[in-house]
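Side chains included, hydrogens not; waters and symmetry mates left out as well; all remaining heavy atoms used.
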Amino acid sequence: MPGPDAVDVLLRLDPDERARPGRAFLGDDELLLATTRHGRLTRLLAGAANGLLGDLPESLGLYDPHAVSRTEAVHDPETVRIRYGDLTGLAPFVRPTGFSLHLRVDGRNEDVRLAFRSDDERAEAVSLARALRDRARAAGGDPSVFDPGGRTRVLSLDE
């Protein structure tokens with residue numbers, strides 16, 4: 001099935017918590033959502049260095065704010081695992097602050113919220129949503145596209 005294998009995201013599992021950088025990994029049976037291995041202090045210092053040096057440390061590969069490997073994600077007990085068959089809704093949308101994807105998961109009270117911060121945010125949001133929809137359908141589910149409300153515009157998943 002076409003689509004990305006891993007995508008850098010800003011992850012919010014609870015609407016009251018701050019978004020944390022991490023990665024979304026597409027597996028055979030489930031989506032893995034893992035936060036970065038860097039702590040808050042490291043992210044603060046690296047962000048300051050990037051700001052002072054014009055993103056030079058990040059562009060040279062000295063620092064990756066989303067640093068987490070698939071192996072780390074698989075073995076980390078804090079990694080969120082979402083079975084594709086449990087996806088009940090997808091909301092790929094754009095708002096004034098950027099592109100996001102909300103996921104409704106059977107058994108969770110709140111939506112899982114993913115945001116994108118890259119040069120091609122729109123393409124990442126749409127391709128990840130399409131890949132999740134296709135994998136959910138293959139797993140026997142049929143997630144609907146929903147509007148999360150507010151000042152948003154839902155993106156089309158049709159080609």
Side-chain angles (χ1 to χ4, degrees), residues 1-40 42-43 58 63-159:
M1 288 175 203
D5 184 42
V7 178
D8 292 343
V9 296
L10 296 175
L11 174 64
R12 276 182 40 198
L13 298 174
D14 185 341
D16 298 331
E17 75 180 13
R18 272 185 88 126
R20 296 178 294 173
R23 287 203 172 105
F25 296 97
L26 291 169
D28 292 334
D29 301 321
E30 61 189 1
L31 172 68
L32 301 174
L33 301 172
T35 57
T36 182
R37 71 173 87 101
H38 299 304
R40 189 176 271 173
T42 303
R43 291 193 320 259
E58 193 172 333
Y63 172 73
D64 179 6
H66 301 278
V68 63
S69 69
R70 181 180 292 275
T71 303
E72 290 170 325
V74 167
H75 297 293
D76 186 357
E78 293 186 20
T79 296
V80 175
R81 291 163 169 75
I82 300 173
R83 291 186 19 208
Y84 297 123
D86 291 341
L87 282 174
T88 60
L90 301 165
F93 63 93
V94 62
R95 61 177 166 211
T97 58
F99 292 84
S100 296
L101 173 63
H102 288 192
L103 306 174
R104 286 193 178 150
V105 181
D106 193 28
R108 291 185 72 96
N109 294 333
E110 300 291 336
D111 294 346
V112 174
R113 299 159 185 237
L114 308 175
F116 302 87
R117 296 288 179 266
S118 70
D119 292 337
D120 204 4
E121 297 176 52
R122 184 184 199 290
E124 285 183 352
V126 171
S127 65
L128 182 59
R130 283 180 184 154
L132 290 173
R133 179 191 61 190
D134 293 346
R135 289 171 188 237
R137 286 180 178 167
D142 189 23
S144 61
V145 175
F146 68 94
D147 186 350
R151 293 178 42 195
T152 64
R153 181 176 51 87
V154 176
L155 302 171
S156 173
L157 295 182
D158 299 326
E159 303 198 41

| query | Under the side-chain contact (heavy atoms from CB on, under 4.5 Å) criterion, do V9 and F116 qualify, and how do the steps go? | reply | CA-CA 5 Å; V9 296; F116 302 87; 3.8 Å; yes
| task | Would you confirm whether R135, through its side chain, and R130, through its main-chain N or O, come within 3.5 Å as a donor-acceptor pair? | result |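 Not confirmed, R135 side chain does not pair with R130 backbone.
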| task | Output yes when a side-chain donor or acceptor of R81 lies under 3.5 Å from a complementary backbone atom of T79, and no otherwise. | result |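 Yes.
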Validation: residues 102-109 side-chain donor-acceptor distances under 3.5 Å, sequence neighbours left out:
none

| message | Using side-chain contact (heavy atoms from CB on, under 4.5 Å), reason through D147 and T152 one step at a time and then give a plain yes or no. | response | CA-CA 8 Å; D147 186 350; T152 64; 3.2 Å; yes
Does any part of the side chain of [Y], heavy atoms only, come nearer than 4.5 Å to the side chain of [X], both counted from C-beta?
{"X": "Y84", "Y": "L26", "value": "yes"}
{"X": "R137", "Y": "D142", "value": "yes"}
{"X": "R70", "Y": "D5", "value": "yes"}
{"X": "V74", "Y": "S69", "value": "no"}
{"X": "L10", "Y": "P21", "value": "yes"}

Taking atom [atom1] of [X] and atom [atom2] of [Y], what is their separation to the nearest 0.5 Å?
{"X": "R133", "Y": "S144", "atom1": "CZ", "atom2": "OG", "result": "12.0 Å"}
{"X": "D86", "Y": "T88", "atom1": "CG", "atom2": "OG1", "result": "8.5 Å"}
{"X": "R12", "Y": "L114", "atom1": "CZ", "atom2": "CG", "result": "11.0 Å"}
{"X": "L32", "Y": "D76", "atom1": "CG", "atom2": "CG", "result": "10.5 Å"}
{"X": "L11", "Y": "R23", "atom1": "CG", "atom2": "CZ", "result": "13.0 Å"}

For a quick test of your reading: what N or O donor-acceptor pairs under 3.5 Å do the side chains of residues 89-99 make, sequence neighbours left out?
{"unit_1": "R95", "atom_1": "NE", "unit_2": "T97", "atom_2": "OG1", "d": "3.1"}
{"unit_1": "R95", "atom_1": "NH2", "unit_2": "S100", "atom_2": "OG", "d": "3.3"}

| request: Just do the side-chain contact (heavy atoms from CB on, under 4.5 Å) check on L101 and L132 with the steps written out, would you? | output: CA-CA 11 Å; L101 173 63; L132 290 173; 4.1 Å; yes
| request: Kindly give the heavy-atom pair with the smallest separation between V68 and A73, and that separation in Å. | output: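 Heavy atoms only, the tightest pair is CG2-N, 4.3 Å.
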| request: Write down the atom of V126, the atom of S156, and the distance for their closest heavy-atom approach. | output: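 Closest heavy-atom pair between V126 and S156: CG1-O, 4.1 Å.
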| request: Take atom CD of E78 as the centre, draw a 6.0 Å sphere, and report whether it contains more than 12 heavy atoms from other residues, nucleotides or ligands. | output: no
